[in-house]
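One structure below.
When reading the values below, keep in mind they use all heavy atoms of this one structure, side chains included, and skip hydrogens, waters and symmetry mates.
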Amino acid sequence: MPRHPRLVAVATATAALALIAAGPAAGGDPTVSDPRIVAHFDFAAGQNAENIALEPDGSADITFAFAHQVARVTKEGDTTILATLPEVPGAQTPVGGAVTLGIARAHDGTLYVTYVTGTEETGVWRIAPGGGEPEQIGFFPADAFPNGLALDEKCGTLYTADTQLGTVWSLPVTGGTPTAWATGAALEPTEQIPFGANGLKVHDGAVWVSNTAHATLLRIPIGPDHAAGPIETRATGLTSIDDFTFTGHGDTVLAALNQVDKLELVRPDGTHKTVLTHADGLDNPTSAAVRAKTVYVNSAAFFNTVDPDPNLLLARISKNKD
């Protein structure tokens, strides 16, 4: 019997989505090679690797969804628990209990994470540089599901994608009550798949958001007054897309396709191709990050009922010369 039956139900529904053809290969595509797992985590302890932020030394700060922890993992795989979110009696969410999801890092080392509990503890929590006792700074509606998280330090704003309410929230980095920054059908879940807006990044004057239910990657321009512009669909056919990252080559994206065990390279024109699979070590990948020539990919093993292997995988990324 699977550990998270509600998630499995979502997986079954998501499998019905058609995967749009990847499109023609492009000579200028970044290449991903030499994948290797550097750390395995404890599935039984709830260490489902969910989201990722990178340290200057190349270590990865990772949220463990059901353990309610934030861990730091070196490139050699050494793992240290930095913080544990408080237990919330009576926590009830669409995935069962409380979950720790998105993470963002400020330049001074402060970490911000999203915590979903179904209670007043739902929101954004801050962890001081080096770890310690988390402090709630963002107070969200109890029925919210803040997921992917990004920090725009230039304007002191945190953005988070609400998977259940189909909203992008903005929150001052100083904390308080969030504002519904962007809404609309493109961000919402569906009756068949109750997971809408999911991953989120701030990139080149816009907020980018993935929508799991619609299998899309979206771009929302940030206006001169910091208001949200019209929502643009930049790619489709990204079955069970979770979080994503930019490769550093313009608007080229690496997206974690959770239930199909793929890391997908998404070109600026919306076409895409698979660059890593289950055979490389992916086990329900949830998020990715890029630093210089290294790709980091988290796997949560949410839906693996046989031999779950939540892990951190590293690979090499380089630019084709042809």
Let me check something: do [X] and [Y] share a hydrophobic cluster, defined by ILVMFWY side-chain heavy atoms less than 4.5 Å apart, either directly or through other members?
X	Y	result
Val275	Val297	yes
Leu263	Val290	yes
Ile62	Leu282	no
Leu238	Phe244	yes
Phe43	Phe64	no

Between the side chain of [X] and the main-chain N/O of [Y], is any donor-acceptor distance below 3.5 Å?
X	Y	value
Arg36	Asp34	yes
Asn311	Gly281	yes
Thr74	Glu76	yes
Thr163	Phe195	no
His214	Ala197	no
Thr31	Ser318	yes
Thr117	Thr119	yes
Thr157	Cys155	yes
His68	Ala83	no
Ser210	Gly199	yes

Taking the hydrophobic residues Ile, Leu, Val, Met, Phe, Trp and Tyr, and joining any pair whose side-chain heavy atoms are under 4.5 Å apart, which ones share a cluster with Ile127? Val70, Leu82, Leu85, Val88, Ile103, Leu111, Val113, Tyr115, Trp125
To the closest 0.5 Å, what do you measure between [atom1] ([X]) and [atom2] ([Y])?
X	Y	atom1	atom2	value
Ile231	Arg219	CD1	CZ	12.5 Å
Ile137	Leu171	CD1	CG	5.5 Å
Asp42	Gln47	CG	CD	5.5 Å
Glu120	Phe140	CD	CZ	14.5 Å
His272	Thr274	NE2	OG1	8.5 Å
Asn298	Asn284	CG	CG	12.0 Å

Looking only at side-chain N and O atoms, does His278 offer a donor or acceptor that is under 3.5 Å from a partner on Asp283?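 No, because no side-chain N or O of Asp283 sits under 3.5 Å from a partner of the opposite role on His278.
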Does a side chain donor of either Asn198 or Asp243 reach within less than 3.5 Å of an acceptor in the other side chain?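 Note: Asn198 and Asp243 side chains miss the donor-acceptor criterion.
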Tell me which pairs pass side chain to side chain donor-acceptor pair (under 3.5 Å) where either residue lies in residues 127-137, with sequence neighbours left out.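 Qualifying pairs: Arg126-Glu135.
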Report the residues that fulfil side chain to side chain contact (heavy atoms under 4.5 Å, CB included) with Asp57, sequence neighbours left out, ordered by chain and then residue number.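 Listed in chain order: Glu55, Ser59.
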Would you check if [X] and [Y] make a side-chain contact, meaning some heavy-atom pair closer than 4.5 Å?
X	Y	answer
Thr252	Pro268	yes
Val253	Leu265	no
Lys293	Pro30	no
Tyr159	Val209	no
Leu312	Ile52	yes
Val38	Tyr296	no
Arg234	Leu218	no
Asp242	Glu50	yes

Under-4.0 Å salt bridge between Arg72 and Asp61: yes
Which residues pass the side-chain hydrogen bond (donor to acceptor under 3.5 Å, both in side chains) test with Ser299, sequence neighbours left out?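 Here no residue qualifies.
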Residue pair [X] / [Y]: nearest heavy atoms and the distance that separates them:
X	Y	value
Pro230	Pro221	O-CD, 3.2 Å
Ala71	Ile81	CB-CD1, 3.9 Å
Ala67	Ala45	CB-O, 3.4 Å
Ile220	Gly229	CG2-O, 3.5 Å
Ala213	Pro189	CB-CA, 3.9 Å
Leu257	Pro285	O-CG, 3.6 Å

Give every donor-acceptor pair under 3.5 Å between a side-chain atom in residues 177-187 and any protein atom, sequence neighbours left out.
unit_1	atom_1	unit_2	atom_2	d
Trp181	NE1	His226	O	2.7

Output all residues satisfying ring-ring contact (aromatic ring centres under 6.0 Å, His included) with Tyr112, sequence neighbours left out; order by chain, then residue number. none
Let's go through Thr122 and Asp143 carefully: what are the C-alpha distance in whole Å and the side-chain angles of both, what is the deciding distance for side chain to side chain contact (heavy atoms under 4.5 Å, CB included) to 0.1 Å, and is it a yes or a no? CA-CA 8 Å; Thr122 291; Asp143 62 345; over 6 Å; no
Under 6.0 Å from the ring centre and within 45 degrees of the ring axis: does the NZ or CZ of Lys201 meet both conditions for the six-membered ring of Phe246?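 Checked: cation-pi criterion not met.
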Begin from the C-alpha positions of Leu254 and Val295 and carry the test side chain to side chain contact (heavy atoms under 4.5 Å, CB included) through to its verdict. CA-CA 9 Å; Leu254 291 172; Val295 178; 4.0 Å; yes
Please report the C-alpha distance between Leu276 and Asp261 in whole Å, then the side-chain angles of each, then the deciding distance to 0.1 Å, and finally whether the side chain to side chain contact (heavy atoms under 4.5 Å, CB included) criterion is met. CA-CA 8 Å; Leu276 293 175; Asp261 289 337; over 6 Å; no
Please determine whether side chain to side chain contact (heavy atoms under 4.5 Å, CB included) holds for the pair Phe302 and Thr286, giving the CA-CA distance in whole Å, both sets of side-chain angles, and the decisive distance to 0.1 Å. CA-CA 9 Å; Phe302 282 134; Thr286 51; 3.9 Å; yes
